[in-house]
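Here the structure comes first, spelled out in structure tokens, and everything after it is commentary.
Each ligand, and each atom within it, is numbered from 1 in the order the structure gives. Remember, it's a predicted structure, so these values are computed and weren't measured experimentally.
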Amino acid sequence: MMRTALFMSEPTPAPFRSGLAVLIGRTNAGKSTLINALVGAPVSIVTPRPQTTRHPVHGVVHRPGGQVVFVDTPGFFKTHKSALVDTLHQRAQESLQGIDVVVHVVDPTRDTGEENDMVNAVLARVSQPKILCLTKLDIPQRPFREAWMRLAPTYDAVVEVSGLTGTGTEELASVLLERMPEGPELYPVGQKTNTTIDFQAAELIREKVYLYTGEEVPYRTQVELDSIEEKPGADGIPVVHVNAAVVTPNERYQRMLIGTGARKIRQIRLAAQRGLRDLMGKKVALELDVIIDRKMDT
Ligand SMILES: Nc1nc2c(ncn2[C@@H]2O[C@H](COP(=O)(O)OP(=O)(O)OP(=O)(O)O)[C@@H](O)[C@H]2O)c(=O)[nH]1
Ligand SMILES: [Mg+2]
């Protein structure tokens, strides 16, 4: 009798929830920075240049009550028309399939421009719950905050965050988790992303290409990883040998990537080598070629 009473008074445990939340927004809004803050690791590359993200990278947030898998997407960008821009917009839209919640990431320091009209057109076709996420909360002047706040009634919730400092990210994770369906873990405990080490290494090199080259050069390049192999160094300490190539469509871009006296490619290589060392936690020797693939020149 006593036992039954005790048993009856115990609260029913909350169900485990899991699902996919896609981050969508204009380019440079801060989607990748936010995903990295949520996960607590650099799963997606970040640069100040538009259209940095090219692939829908997953960032996994594990909580005792569930799991939220964030899907990063290429940002919408209106400035120039190219095959790459079209592909990126296509990928962003495809990322909305099979997801549970949509997070519209906006930068309240910038005007709600044409690119946001493109995002709104995509969001209008979405039936899943929509969360408005205003980021860059660490910047004191956010002149477009009020304009976005007026749109709050058209969303299921509004959250303000800073991807840079992490403020508000815990709240965003909770708001999303409570909207996820009941279900098992989608990724094993501890796994932070869906990408391979080869992909991460190639992305890290691409990040440095974006940071060290100007104008349209980053948009006329891709990075291919040829091999990653660990060998004992002269002092017995293992060295990870990474061979990769920056691929570009013609000699003009090749020259720009190599730079006078090969200074540009050396800068890229050394910065990438440092990044790879941090990523792998081991000594890294990076060999980086710049090669031409004329098929890209279409
Ligand atoms: N101050 C501040 N800067 C931020 C914040 N989030 C992102 N940034 C900066 O904004 C720029 C763009 O950030 P990303 O995270 O690459 O933006 P994105 O939305 O992923 O951009 P795409 O991949 O091009 O669509 C970078 O220079 C970031 O450092 C933030 O919360 N505060
Ligand atoms: Mg990005």
query = Within a radius of less than 6.0 Å around NZ of Lys130, do more than 12 heavy atoms belonging to other residues, nucleotides or ligands occur?
reply =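 Counting other residues, nucleotides and ligands, NZ of Lys130 exceeds 12 neighbours.
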inquiry  = According to side chain to side chain donor-acceptor pair (under 3.5 Å), who are the partners of Ser227, at least two apart in sequence or on a separate chain?
reply    =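 For Ser227 the side chain to side chain donor-acceptor pair (under 3.5 Å) partners, ignoring immediate neighbours, are Asn243.
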Which residue supplies the protein heavy atom nearest to [atom], what is that atom called, and how far is it?
atom                    : answer
atom 21 (O) of ligand 1 : Asn28 N, 3.0 Å
atom 26 (C) of ligand 1 : Thr47 O, 3.6 Å
atom 27 (O) of ligand 1 : Pro48 CA, 3.4 Å
atom 1 (N) of ligand 1  : Asp138 OD2, 2.9 Å
atom 5 (C) of ligand 1  : Lys136 CG, 3.7 Å
atom 29 (O) of ligand 1 : Val46 CG1, 4.1 Å
atom 24 (O) of ligand 1 : Thr27 OG1, 2.6 Å

Please check: side-chain N/O of [X] versus main-chain N/O of [Y], any donor-acceptor pairing under 3.5 Å?
X      : Y      : answer
Thr213 : Tyr210 : no
Asp72  : Thr53  : no
Glu215 : Val217 : no
Gln128 : Val102 : no

query = How does Ser44 reach ligand 1, if at all, at less than 4.0 Å between non-hydrogen atoms: by side chain, backbone, both, or neither?
reply =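 Neither; no heavy atom under 4.0 Å.
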Return yes if a side-chain donor-acceptor contact under 3.5 Å exists between [X] and [Y], otherwise no.
X      : Y      : value
Gln273 : Arg269 : yes
Gln222 : Arg54  : no
Thr165 : Asp138 : no

If you measure every N or O of [X] against every N or O of ligand 1, does any of those distances drop under 3.5 Å?
X      : result
Gly30  : yes
Gly75  : yes
Leu164 : yes
Lys31  : yes
Thr73  : no
Gly163 : yes
Ala29  : yes

message = If the condition is side chain to side chain contact (heavy atoms under 4.5 Å, CB included), which residues does Gln90 pass it with, not counting sequence neighbours?
response =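 Glu94.
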ask   = Hey, is there an N, O or S on Ser32 sitting under 2.8 Å from the Mg ion (ligand 2)?
value =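 So Ser32 counts as coordinating the Mg ion (ligand 2), yes.
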task = Answer yes or no as to whether an N/O/S atom of Thr53 is found below 2.8 Å from the Mg ion (ligand 2).
result =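 Under 2.8 Å: Thr53 contacts the Mg ion (ligand 2) through an N, O or S atom.
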Within ligand 1, which atoms have a heavy atom of [X] less than 4.0 Å away?
X      : answer
Thr33  : 6 (N), 7 (C), 13 (O), 14 (P), 15 (O), 28 (C)
Gln51  : 24 (O)
Ile139 : 1 (N)
Ser162 : 31 (O)
Thr135 : 31 (O)
Pro50  : 24 (O)

message = Counting C-beta onward and ignoring hydrogens, is there a side-chain heavy-atom pair between Glu207 and Glu203 closer than 4.5 Å?
response =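 SC-SC contact between Glu207 and Glu203 ruled out.
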Leu257: which of Thr248, Val247, Ile291 passes side-chain contact (heavy atoms from CB on, under 4.5 Å) =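 With Leu257 as partner, Thr248, Val247, Ile291 yield a single side-chain contact (heavy atoms from CB on, under 4.5 Å), made by Thr248.
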inquiry  = For the aromatic rings, using the six-membered ring if either is Trp, is the centroid distance between Phe199 and His55 under 6.0 Å?
reply    =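 Yes - the distance between ring centres of Phe199 and His55 falls below the 6.0 Å cut-off.
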query = To the nearest 0.5 Å, how far apart are OG1 in Thr52 and CZ in Arg206?
reply =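 Spacing of OG1 (Thr52) from CZ (Arg206) equals 7.0 Å.
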ask   = Is the closest heavy-atom distance from Gly25 to ligand 1 below 4.0 Å?
value =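 No, that is not the case, since the closest heavy atom of the residue is not under 4.0 Å from the ligand.
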